[in-house]
Amino acid sequence: MEERYQPQSVEPKWQKYWRENRSFKVKQEASKEKYYLLEMFPYPSGKIHIGHVRNYTIGDVVVRYKRMKGFNVIHPMGWDAFGMPAENAAIDNNTHPAAWTYENISSMREQLKKMGFSYDWDREIATCHPEYYKWEQWLFLKMLEKKMAYRKESYVNWCEKCQTVLANEQVEQDRCWRCSQTVHQKKLWQWFFKITDFAEDLLVYCDKLPGWPDKVTTMQKNWIGKSVGSELKFKIHGKDEDIVVFTTRPDTVFGATFMCLAPEHPLVESLSKGSDQEELVLRFVKKISSQERSAEGLEKYEKEGVFTGAFCINPATSEKIPVYTANFVLMEYGTGAIMSVPAGDQRDFDFARKYNLEIIPVVQPEGEEFDGRTMEEAYTGEGKIINSGEFNGLDSKDAMDIMTDWLEKKGRGKKTISFRLRDWGISRQRYWGTPIPVIHCPDCGVVPVPQADLPIKLPEEANLLEKGGSPLPTLDYFIKATCPQCKREDAKRDTDTMDTFVESSWYYLRYCSPRYEKGMFDPDAVKYWAPVDQYIGGVEHAVLHLLYSRYFMRVLNSLGMIDFKEPFTRLLTQGMVCKETMTCPEHGYLFPEQARKNEQGRLECTICNRDVEVGRVIKMSKSKKNVVDPNELLEQYGADVTRLFCLFAAPPERDLEWNEDGVEGSNRFVNRVWRLTIDCIEKMNGVKPYRGAASDLLSSQAKDLYIKANQTIKKVSDDIDQSFHFNTAISAVMELVNNLYAVDLDSIADEQKKVIVFCIENIILLLSPITPHFCEELFLRMGKKGSVLEQPWPLYRDDSLKTDEIIIVVQVNGKLRAKLTMGADSDETLIEEAALADEKIQKYIKDKTLKKVIVIRKKQTLVNIVI
RNA sequence: GCCUGGGUGGCGGAACUGGUAGACGCAAGGGACUUAAAAUCCCUCGGAGAUAAUCUCUGUACGAGUUCAAUUCUCGUCCCAGGUACCA
């Protein structure tokens with residue numbers, strides 16, 4: 001018999017067995033409790049990398065565990081197949097995005113199969129299939145009908161080099177993630193989904209997701225950004241028109257000494273028209289619009305603005321105050337106009353000092369005396385109201401409501417809520433995506449495509465343009481359309497495609513009935529399987545994908561298609577796998593295999609022999625080339641050792657700096673278990689495992705080992721079920737294995753043999769979710785029938801978890817001084833007496849008066865003697 | 001700036017509601033087996049200082065506090081990572 005585990009022969013053998021027995025196929029079974037586990041589906045970029053391996057291993061362990069626990073488990077896999085990299089790769093390699101994508105899918109599918117992941121491959125989907133995106137188009141039309149989708153002109157991130165709109169997440173520090181070109185704002189007609197309709201509901205439910213990490217719900221809350229405040233109306237001097245502002249501090253309205261409008265605000269132009277300021281204002285607006293307004297840009301620009309020439313009336317003081325336009329006011333937030341209270345807001349303060357505007361303190365903390373002329377910074381805290389007429393002396397917190405009510409009675413204000421969340425712009429000027437199913441008619445305007453005409457297929461024979469723009473606007477046969485309403489023949493099809501986040505917002509429902517032809521999903525199947533019980537993926541999607549998915553479920557819910565709102569009951573955000581980057585002055589980023597150590601011990605580039613610079617440890621990404629291909633590990637150690645190693649390295653939520661040094665240890669452990677089992681099979685063939693109570697065992701060695709085994713079963717079950725801490729689950733099994741190695745199998749009594757068989761059988765079952773091929777093979781060699789998959793998860797005996805004797809820790813003044821062993825049932829008095837009588841303890845307490853003796857009997861029994 | 005996390009040996013990481021700090025593993029050192037190597041097995045391994053086994057002091061970023069007892073709780077400081085950012 002082989003001394004070592006042979007993954008090269010064992011792993012393919014079991015993969016074949018699972019395939020032929022359709023081991024992972026699942027069906028709806030009303031009598032069985034379902035469990036839906038899903039890992040975020042991959043973008044088919046070409047190769048599986050170690051981050052995927054980690055993600056899918058975590059999921060696969062839980063899935064296999066839940067199956068053994070008797071759940072009807074659905075575990076599907078598919079491809080987030082639309083997206084820009086396919087187009088870029090197609091241009092670079094002179095191929096078609098579809099060809100490139102399908103090729104990647106098939107090689108990645110093979111890699112996943114080699115890892116032994118237990119997917120129901122019959123449910124595989126790819127979002128670029130017309131059978132999939134047909135239903136996305138169908139939903140789009142439904143949303144259009146219900147006014148959940150609309151079109152407006154707005155500013156978008158535009159990369160000139162790639163000739164497209166970029167999603168916010170594709171902009172890294174002002175630059176295009178692919179070509180590093182600075183991104184510009186461009187005004188375009190775009191389709192939007194009205195996610196803001198659900199802002200409040202999405203926010204409220206953040207607190208009703210106990211299975212989600214706080215980190216993620218907090219990020220979503222911040223992203224939604226609810227502010228409670230007031231809308232106040234300032235009458236424009238000399239006109240019968242108001243400027244509406246949003247403020248969270250209505251209590252400071254008496255201190256509003258000027259007004260600022262966003263440069264894009266429609267009133268800026270009309271107010272300055274005809275005044276002395278007109279010229280200056282126009283020049284300022286033009287200058288600002290040509291500037292970057294993104295994060296990096298804004299830091300560089302000082303607050304500046306221009307007087308519009310107009311005044312408005314402060315509704316509280318009835319004073320005339322000047323109206324400015326300023327670069328720090330955002331059109332997209334609130335009303336695009338602010339009342340400026342320089343004494344209470346640092347930005348307003350800076351602006352006021354710069355342009356010599358009046359500063360009137362209106363909120364003052366206890367024991368301070370503010371003077372607008374000498375203040376050095378704004379006071380943003382709470383305090384007592386001053387300089388505010390009848391409201392003086394109020395607490396600023398109370399004044400918020402009181403003043404708003406007062407202004408409301410005067411018809412000058414009301415309470416309101418503002419959100420930071422904006423509607424979701426989904427139009428992309430890209431080719432490789434879902435076509436937006438509308439037609440533009442010169443007479444009828446925007447006309448939805450009739451449902452019967454779906455899907456609007458993406459023309460497959462399109463050639464991509466050299467410079468990277470979408471070829472769709474150049475394809476006459478695609479664009480040309482007859483208006484479905486008036487039958488005009490010169491109508492035009494929309495040439496934009498949808499953001500790929502739209503596909504990923506509902507794919508998990510499609511898995512429930514992946515080939516369903518009458519709708520997005522079979523309602524029965526979704527009723528049984530959905531929502532997802534456990535979702536696993538990278539934290540980088542904390543806001544975007546996870547928020548969009550929550551939004552989509554609300555859309556479907558309000559359309560009456562589903563009866564739940566939250567797509568993912570529990571969420572595990574696994575940490576990122578990181579590695580240092582390496583750059584060559586000549587060749588830029590290098591793959592790890594493109595750097596080697598030279599004779600002087602320095603890293604050099606394998607192409608040009610120049611010194612390689614080792615950069616920061618960051619998340620593995622293809623563009624930074626700091627990726628590790630799992631193939632090498634897979635070939636050398638096999639899938640099971642790779643899986644074990646990924647899990648053992650760190651708990652799943654933690655970021656992991658990739659380092660292969662420990663893999664030998666995992667390999668060693670697997671072989672330790674292998675040899676132990678083979679040895680056991682040879683030496684105790686036919687011995688049945690012991691299953692009684694620990695107390696019925698005669699020898700203390702057998703008893704201790706049996707108790708340890710029961711503790712291990714409990715520990716592993718708890719770790720997998722409750723916390724996903726596979727690293728400690730594995731440690732526990734390692735400890736049990738170490739204990740078994742301490743036993744000499746050749747000279748033991750029958751009783752102990754039975755206990756050892758019990759241990760080994762259970763070790764195989766406990767490890768089977770983690771190292772499935774390995775455990776199947778050992779299970780077979782132990783003479784068992786069938787597959788480990790059909791075995792129930794091992795149970796431990798409650799009566800066999802505690803040892804008869806316990807170690808008692810004795811402290812003097814909190815410092816460990818002695819350890820005693822006593823019977824587990826000794827009472828406190830007995831323990832205290834024994835502790836005080838101990839020789840080592842006597843050394844410390846002799847001739848001293850005891851102040852107190854504390855006996856703790858929790859998990860650990862402990863005596864603390866205070867002198 | 002604000003919001004989250006986090007800081008434990010040479011390294012990855014344990015320590016559940018305060019109760020033996022460093023489980024398990026890696027690396028390192030020593031030993032056994034072997035003609036030799038690999039593989040395997042055993043021992044040591046936070047720091048400092050004494051010793052015959054062993055013992056004492058010290059130690060969880062830093063400084064205070066609460067407590068019989070603090071890696072764990074509270075306050076303050078520093079550092080790191082992620083998110084977000086002129087949000088009125």
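Quantities reported herein were computed from a predicted structural model and do not represent experimental measurements. So you know, we letter chains A, B, ... as the sequences are listed, proteins then strands, and number each from 1.
- Across the protein-nucleic acid pair, A:Phe645 atom CZ and B:rC26 atom P stand 11 Å apart, rounded to whole Å.
- Looking at A:Phe669, A:Phe726, A:Trp658 one by one, the single match for ring pair (Phe, Tyr, Trp, His ring centres under 6.0 Å) with A:Phe645 turns out to be A:Trp658.
- Using a 4.0 Å heavy-atom criterion, one finds that A:Asn813 contacts no nucleic acid atom at all.
- Side-chain nitrogen and oxygen atoms of A:Lys852 include at least one within less than 4.0 Å of the OP1 or OP2 phosphate oxygen of B:rC68.
- Counting heavy atoms of neighbouring residues, nucleotides and ligands inside a 6.0 Å radius, atom NZ of A:Lys802 does not exceed 12 of them.
- Note that A:Arg420 lies outside the cation-pi zone of A:Tyr333, set by a 6.0 Å cut-off to the ring centre and a 45° limit from the axis.
- Spacing of P atoms, B:rU20 relative to B:rC80, comes out at 33 Å, to the nearest Å.
- Looking at which nucleotide of RNA chain B each of A:Lys815 and A:Arg422 is closest to, the 5′-most match is held by A:Lys815.
- At whole-Å resolution of the value, CZ in A:Arg672 and C1' in B:rG25 are 11 Å apart.
- Scored by the salt bridge (charged side-chain N to carboxylate O under 4.0 Å, His left out) test, A:Glu540 finds A:Lys619 as partners (sequence neighbours excluded).
- For the pair A:Arg817 and B:rC57, the criterion of a side-chain N or O lying under 4.0 Å from OP1 or OP2 is met.
- Residue A:Gly225 is out of contact with every strand shown, counting any heavy-atom pair closer than 4.0 Å.
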Side chains of residues 808-822 of chain A: which donor-acceptor pairs under 3.5 Å do they make with residues two or more places apart or in other chains?
unit_1	atom_1	unit_2	atom_2	d
A:Asn813	OD1	A:Ile867	N	3.1
A:Arg817	NH1	A:Tyr844	OH	3.2

Detail all sub-3.5 Å separations between protein N/O atoms and N/O atoms belonging to nucleotides 3-6 of chain B.
unit_1	atom_1	unit_2	atom_2	d
B:rC3	O2'	A:Asn222	ND2	3.4

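- The shortest non-hydrogen separation linking A:Leu330 to A:Ala262 is C-CB, 3.9 Å.
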Could you go step by step and tell me if A:Phe328 and A:Phe351 meet the ring-ring contact (aromatic ring centres under 6.0 Å, His included) rule?
-> CA-CA 10 Å; A:Phe328 66 92; A:Phe351 196 84; 5.6 Å; yes
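- Phosphate proximity of B:rA27 to A:Arg668: present, with a side-chain N or O under 4.0 Å from OP1 or OP2.
- Here B:rG22 is in the anti range [glycosidic angle more than 90° from 0].
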Note, RNA chain B 5' to 3' with Watson-Crick or G-U pairs under 3.5 Å encoded as ( ), [ ], | and . gives (((((((..(((......[....))).(((((.......))))).(((((...)))))..(((((..]....))))))))))))....
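- Contacts between residues 333-347 of chain A and RNA chain B, counted as heavy-atom distances below 4.0 Å, involve A:Tyr333, A:Ile338, A:Arg347.
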Can you name the atoms? Protein N/O to nucleotides 46-51 of chain B N/O, anything below 3.5 Å, with the distance.
none

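- Using a 4.0 Å cut-off between charged side-chain N and carboxylate O, A:Asp207 and A:Lys221 make a salt bridge.
- Close to B:rA88, at under 4.0 Å from its OP1 or OP2, lies a side-chain N or O of A:Ser227.
- Contact check, A:Arg420 against B:rU84: no side-chain N or O comes under 4.0 Å of OP1 or OP2.
- Proximity note for A:Ile854 (side chain, C-beta onward) versus B:rC68, B:rC86, B:rC41: the nearest is B:rC68.
- At B:rC26, none of the side-chain N or O atoms of A:Asn659 fall inside 4.0 Å of OP1 or OP2 (strictly under the cut-off).
- Taking 4.0 angstrom as the limit, A:Tyr844 places a side-chain polar atom (N or O) nearer than this to OP1 or OP2 of B:rU56.
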